[in-house]
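Comments concern the structure below.
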2 protein chains.
Amino acid sequence: MHELNPNVSVDCVIFGFDFEKLTVLLIDRGQETKNGPRLALPGNLIYNDENLDQAASRVLDELAGIKNIYLEQVGAFGDPNRICKDADREWLQSIRAEPEARVITVAYYSLVKMSDYAPHASSFAKTAGWAPVSELFELAFDHYEILLAAKEKLRQKIKVQPIGFNLLPEKFTLSQLHKLYESILDKPLDKRNFRRKVQKLGIVTALKEKQRGVPHKPSLLYKFDVEKYESLSENGFDNFGF
Amino acid sequence: MHELNPNVSVDCVIFGFDFEKLTVLLIDRGQETKNGPRLALPGNLIYNDENLDQAASRVLDELAGIKNIYLEQVGAFGDPNRICKDADREWLQSIRAEPEARVITVAYYSLVKMSDYAPHASSFAKTAGWAPVSELFELAFDHYEILLAAKEKLRQKIKVQPIGFNLLPEKFTLSQLHKLYESILDKPLDKRNFRRKVQKLGIVTALKEKQRGVPHKPSLLYKFDVEKYESLSENGFDNFGF
DNA sequence: TTTGATAGTGTAATTATGACACGAAGTTAA
DNA sequence: TTAACTTCGTGTCATAATTACACTATCAAA
């Protein structure tokens, strides 16, 4: 039946990249609650006739207008006190949860091309906006904990699979890719070694086109080469790591 | 309140190692159901006043008498049809789930020293027993899918952290460790290269003691050296990979 | 034309990996 | 007691991957 499950929600950690830092999409719950910060991850209860992945996609679309993106489960979070029933009563009602129910949440992270998604307001969130991950230190509920877990999953995943391209536009420079990897891995990577490695992987193709309008030497643009990536994967190659 | 949550369960993939193959602890539900095999992962509904990790530990203890072991979350599984309400009505009742409720499960995997745990029967399971992972092809509900996901998590994890020792007795031989890694990674590893790598890691210590009672040249015994491992970890070393 | 900013490039030393074979040390059975 | 069997334990060499490191080129703006 198409009804809300009062015990299970999904929360989405939507990562973006502003060419400088890794960012995350947050919603502003409008008013300070007694026990917590205003900023929260977009999330909502699931319906009983959808699976978890579908629920995450739906929430992403409803709350941020985002469709068809890279989405991966982080895990389930279920501390009995993860939501404070007193302080967050109003909030719980606004998402149609029963204020007395215990809510377990399944967290997802997703990677989007930041420019594609101008955050929009919804009935649930007064406003939504991008915040640099490294400048956040608290969020509502247990969402900061979820954010850290998502960041860690992303870090591990990107060491092993070339998913970073989901955060960049179709055409990008190797410097941008470089900074992206540094942001996610939280450590400096040698420029020349990075470029050598990327080029040896063989999954980026240089375009016959340069950056325009920059006040310095323009960089060659590259694209992620899906065909090459897939043919490598099919042939058992599985080391796309950094 | 200490009551069952009808919508959320935990299921545990308990891995063991019989010195030949990776095994998993399964319970036998006693009778064939209309739609599925008898063998299932140990699992049960959670209580509303425990967190998910606690629930997994509790279930492990109740269903298999296992305490204080390595435990890691695999993820949440929530397909609306993961449990067939008609065929499994009896089973649902036996674990006190409401037959009409939709149950989402949070899966964990754990690593135990097989010899420490003689599987026992419980009120939920007629019998419990170890089965080689590689010889299984179906399980009740979506448990085979969960098993595969757990195996994959374990594979990824062991590439990066020395958790394999949880599957071995205190004293073990390098050949046993070697076979363990081959079982988990599902591929042959060169003996000499493996031994070189393990020894260079510096987290096993040779004992002044040999294997006894084997009908061939006895092997030196080793132990996992927790202190060395921790001091390496603290100093930022993080490549325990294979 | 100078300044400032980023792009783009190569080498050499070190370390890690992968392939490969045989004598040693026990037990068992003839 | 000897022969057969099984697993243990070891080293080298070729190749590949990683690390550390510095200067010139190209563009825009002042």
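Predicted, not measured: the structure shown is a model, and the values here were computed from it. Order of the sequence lines sets the chain letters (A, B, ...), proteins ahead of strands, with each chain counted from 1.
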Report summary line: A correct 5'-to-3' footprint of nucleotides 8-17 of chain D, with B, S and - meaning base, sugar-phosphate only and no protein heavy atom under 4.0 Å, is BBBBB-----
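Relative ring orientation between A:His178 and A:Phe194 is described as parallel, the plane-to-plane angle staying below 30° on a 0-90° scale split at 30° and 60°. Ring-plane geometry between A:Phe165 and A:Phe224 is classed as parallel, the angle between the planes falling under 30 degrees on a 0 to 90 degree scale with a further cut at 60.
Whole-Å rounding puts the A:Phe19 CZ to C:dA7 P distance at 13 Å. Distance A:Lys210 NZ to C:dT6 P: 17 Å, rounded to the nearest Å.
The backbone N or O of B:Pro132 lies less than 3.5 Å from no partner atom in the side chain of B:Glu135, so there is not a single donor-acceptor pair. Remark: side-chain polar atoms of A:Lys113 are paired, donor with acceptor, to backbone N or O of A:Leu168 under 3.5 angstrom. Formation of a donor-acceptor pair under 3.5 Å by the B:His143 side chain with backbone atoms of B:Ala40 is not found in this model.
Side chain to side chain, B:Asn44 and B:Ser9 fail the donor-acceptor criterion of an N or O pair below 3.5 Å.
The pair A:Asp11-A:Arg82 meets the salt-bridge criterion, with a side-chain N (NZ, NE, NH1 or NH2) lying under 4.0 Å from an Asp/Glu carboxylate O.
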In a table with atom names and distances, give each donor-acceptor pair under 3.5 Å that connects a side chain of residues 226-234 of chain A to protein atoms at least two apart or in another chain.
| from | atom 1 | to | atom 2 | distance (Å) |
| --- | --- | --- | --- | --- |
| A:Ser231 | OG | A:Lys228 | O | 3.3 |
| A:Ser233 | OG | A:Tyr229 | O | 3.1 |

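Using a 4.0 Å cutoff on non-hydrogen atoms, no part of residues 180-188 of chain A comes near DNA chain D. Residues from residues 229-242 of chain A that place a heavy atom under 4.0 Å from any atom of DNA chain C: there are none.
A search for side chain to side chain donor-acceptor pair (under 3.5 Å) contacts involving B:Lys197 returns nothing, not counting sequence neighbours.
Paired runs in DNA chain C that reach 3 or more consecutive Watson-Crick or G-U pairs, where each pair keeps both distances under 3.5 Å, cover C:1-30 with D:1-30.
Taking the six-membered ring for Trp, B:Tyr144 and B:Phe141 have ring centres at least 6.0 Å apart.
Using a 4.0 Å heavy-atom distance criterion, B:Lys179 is classed as making no nucleic acid contact.
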